[in-house]
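Written out below as structure tokens is the structure these notes cover.
Naming convention: chains lettered A, B, ... in sequence-line order (proteins, then strands); numbering from 1 in each chain. What you see is a predicted model; the values in this text were computed from it and never measured.
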2 protein chains.
Amino acid sequence: MNIGENKTWNHHVVKEGNKSLVLKKIINHSPISRAAVAQEVGLNKGTVSSLVNDLLEDHLIYESGPGKSSGGRRPVMLLFNEKAGYSVGIDIGVNYLLGVLTDLSGNICNEKEVTFKNLSYEEIESQLFDTIDYLMASAPKSPHGIVGIGVGVPGIVDNSGEILLAPNLKWKNLNLKLILESKYKLPVIIENEANAGAYGEKKFGAGQDSEHIIYVSAGIGIGVGLILNGSLYKGSNGFSGELGHMTIQVNGPTCRCGNKGCWELYASEQALLTAAEKMQLASSNGKELDLNDLLALAEQGDKKVVSLFEQAGDYLGVGINNIINSFNPQQVIIGNRMASSSKWLNKTLSDRVSNQALWFQQNNLTICFSELGTFSSALGVSAFSIENFLSVSIQQKTSLNA
Amino acid sequence: MNIGENKTWNHHVVKEGNKSLVLKKIINHSPISRAAVAQEVGLNKGTVSSLVNDLLEDHLIYESGPGKSSGGRRPVMLLFNEKAGYSVGIDIGVNYLLGVLTDLSGNICNEKEVTFKNLSYEEIESQLFDTIDYLMASAPKSPHGIVGIGVGVPGIVDNSGEILLAPNLKWKNLNLKLILESKYKLPVIIENEANAGAYGEKKFGAGQDSEHIIYVSAGIGIGVGLILNGSLYKGSNGFSGELGHMTIQVNGPTCRCGNKGCWELYASEQALLTAAEKMQLASSNGKELDLNDLLALAEQGDKKVVSLFEQAGDYLGVGINNIINSFNPQQVIIGNRMASSSKWLNKTLSDRVSNQALWFQQNNLTICFSELGTFSSALGVSAFSIENFLSVSIQQKTSLNA
DNA sequence: TTTTGTTAGTCTAGTGGCTAAACAAAGTTT
DNA sequence: AAACTTTGTTTAGCCACTAGACTAACAAAA
């Protein structure tokens, strides 16, 4: 057994671990009685009673009226107090900023979206502050208030939370975490947008039942978030999942990263748009062509556009097949903007995978599109904040109760 | 804190965890005194004393004479009793079978290699039994005797230890684990050869200081073993790391797996040999051309052959770059037969990676060749057995001492 | 209605492994 | 020799757990 590598073990750790088990049980199976928790988790009734009391004091759970009797005393049902606090999740895109206020179960209580183009960092920062201010102000009164702020960004974030590079925003070496923490005096989590999306789908979306999920965020570029053994895998420095720049064609066209034949040259939104431009397609309203224009054309039955989508779906399949061979996942979820084109991508994509993936890899494998749509990332970072809050709550109370 | 998902926590777990910490400390820092262990792992002196006594009773450690005084009483030095038991590790290759007997520290005490060609399963099994018998018989007397048998195979092994497919041996759905367990009445571990190699390098070879290691086993085909967060990542069913069949050229030549442009068509030993045959190169002794012939030719200065190696090194780099983008590892280790050609592969390989890998991925990244040579896999499976034995020892004693 | 049986939740005593600190043992330094 | 240091053991106390007795609250049978 490989129990946590370095930390020593004592009764605090035991209590903390068990409290976490009890809380998770209540969250995932509410309403549930103390007795049922004890039986299902494998703890003594008395132990559960005591831990439940702690959680009640913390307002993390609450008792509802008595449940149905099964031939004896009626149980007191316990529920997760999802309104005990609220979390702010922000998804910063290349030309939009989407913010959500969620409760502790990830239910969206409020949201705000801003779209823009070519803003400077200072302008985006100002929009960011406004959005956070607005969402925080709109949170109902609750025992714990706002428990944290999470931000997803389309770029490279290191393990300390510093944004090393966000090419499409032209940001470099930006420590947004420090900026937000000092302004709001709250725990802040900065995460790569694909990682956030992966976590969002794991927690609240299509991936809730899987432990091994690969989330492919296909937008202007392609990023990938990895959920391995049930938790986010970030690699040595936090840079895992940069699969948009995986070579699928050794001597292919040159990518903005300097290499040749990168996956995102074939299967991203940008790839679609570039191909469409080459075909001399123009937008109906005279503006720059965008994905929605292509979708509209496809709906109108434009064969050329449909085949563009099919081509992209096929290439998506090529990369996803490489992913399957690498990770042997249970689930591959395709998210971000390209997910909106699932109708046109799906056939060629699944054909490619079912024809090409090694047979044993295809057992217990589902490939699907995002359930949370454009909210994946915002919900994911919000979930990070919530997780963090819950684990800290459990820790603090354990050590204070001494 | 995400402490183990499902198990409940009690005193046994605490003791088990701490005993494991103490044992690891002694293994990695011997000779060391009780006092030093207590200080470094953060446990109370008394606790350490008691745990050390348990370990002494188990013969897992022993006391040597007193160490140097630092101004007070001389410490009693503790050492890992690496001769407390022995483990058998077998690497089954396509045309060889390599067995080692190791002590609990992975030191090779005895070894036996058999080479063959086109043997049936029954013939290989018989060789396997002979090798195991020979190695077990040669083990010195020890408190725990043979603690387990590990076998690495060039094929697909599922999480239960069943060999689903070993194409080059023509094995299918073979439960070697059951066969060996019932014959030897010992714990048996069957593992994919690349996974075993990865673990071998992590435990005893080039990867001892890294937590995120990708081991590329480049032989006739290419397999990859993944060490993520310090432990082997096997994926949902045990089929991770099948990167030999990663597409690097969408419309490339057809692979035996049925797909096109697989990595191993460009960067494996077989790829080298096929390319050499096309050049009408022949072996000096009239037999089929093999890697050693090519190495000899390269040593003689044959430019054509050297450029074959260089080409393969470049393609190795292409795949490794994809790996880096996926996993953001600390270390990439190239092993198996192609590692013997490191001299000729290294330049083009490192050029490819340093030119192509994104700059931030190159910090704290080392790319190297196997340290254990042909022993990686055999040592790896042996290490699995040892790990398993040690963790079981700690558990049993904890629960029996009630 | 009363009795009996069942289930829920609390309470109490006991246990095991931990910590802190006293203590014994065995050195070095002055 | 006395004073100081360091190692390792022992003791007392603590804390979170378990088992099981107990109380509470219900259903079903008498």
**Report entry** Closest-nucleotide 5' rank along DNA chain D - winner of A/N18 and A/P66
**Finding:** A/N18
**Report entry** Protein-nucleotide distance (B/N53, atom CG; D/dT7, atom P), rounded to Å
**Finding:** 17 Å
Requested in this report: Check the distance between D/dC15's C1' and A/K19's NZ and give it to me in whole angstrom.
Outcome: 14 Å
Query raised in the report: Can you find a pair of side-chain heavy atoms, one from A/F389 and one from A/L104, that are under 4.5 Å apart?
Result: yes
Query raised in the report: B/T47 near the nucleic acid: base, sugar-phosphate alone, or nothing, with a heavy-atom cut-off under 4.0 Å?
Result: base
Report task. Whole angstrom is fine here: how far is it from CG in A/L43 over to P in D/dG20? Result -> 17 Å
Query raised in the report: So how far is it from B/I26 CD1 to B/I61 CD1, rounded to the nearest 0.5 Å?
Result: 4.0 Å
Query raised in the report: Distance check: side-chain N/O of B/S50 vs OP1/OP2 of C/dG17, anything under 4.0 Å?
Result: no
Query raised in the report: Is there a donor-acceptor contact under 3.5 Å linking the side chains of B/S87 and B/S382?
Result: yes
Query raised in the report: How close or far is atom P of C/dG16 from atom CG of B/L51, stated in whole angstroms?
Result: 16 Å
Requested in this report: Specify the residue among A/E63 and A/N10 whose closest nucleotide of DNA chain C lies further upstream toward the 5′ end.
Outcome: A/E63
Report task. Rounded to the nearest angstrom, tell me the gap between atom CH2 in B/W9 and atom C1' in C/dC18. Result -> 16 Å
Requested in this report: Could you check which residues of residues 70-81 of chain B get a heavy atom under 4.0 Å from DNA chain D? Sort them by number, please.
Outcome: B/S70, B/G71, B/G72, B/R73, B/P75, B/V76
Query - Value in whole Å for how far the P atom of D/dC17 lies from CG of A/L21 - result: 11 Å
Query raised in the report: For the atom pair CG (B/L23) and CG (B/L78), what is the distance rounded to the nearest 0.5 Å?
Result: 11.0 Å
Report task. Nearest whole angstrom, please: distance from the C1' of C/dT19 to the NZ of B/K15. Result -> 15 Å
Query - Of the listed nucleotides D/dG8, D/dC17, C/dC18, the one nearest the side chain of B/R34 - result: D/dG8
Report summary line: Heavy atoms of B/N229 and B/H212 approach each other most closely as OD1-CE1, 3.2 Å
Query raised in the report: Looking only at N and O atoms, is any donor in the side chain of B/H11 or the base of C/dG16 less than 3.5 Å from an acceptor on the other one?
Result: yes
Report task. Please test A/E387 against A/K203 for side chain to side chain contact (heavy atoms under 4.5 Å, CB included), starting from the C-alpha separation and ending with a verdict. Result -> CA-CA 10 Å; A/E387 278 304 283; A/K203 275 284 166 181; 3.1 Å; yes
Query raised in the report: If you check the A/S69 side chain, which of D/dA27, C/dT19, D/dG8 turns out closest?
Result: D/dA27
Query - From C/dA20, D/dG8, D/dA16, nucleotide with atom closest to B/K45 side chain - result: D/dG8
Report task. Could you please name the option among D/dA16, D/dT7, C/dT19 that lies closest to any side-chain atom of B/N44? Result -> C/dT19
Report task. Using only heavy-atom distances, determine whether the side chains of A/D158 and A/S160 contain a donor-acceptor pair under 3.5 Å. Result -> yes
Report summary line: From NE2 of B/H12 across to P of D/dT18 the rounded distance in Å is 10 Å
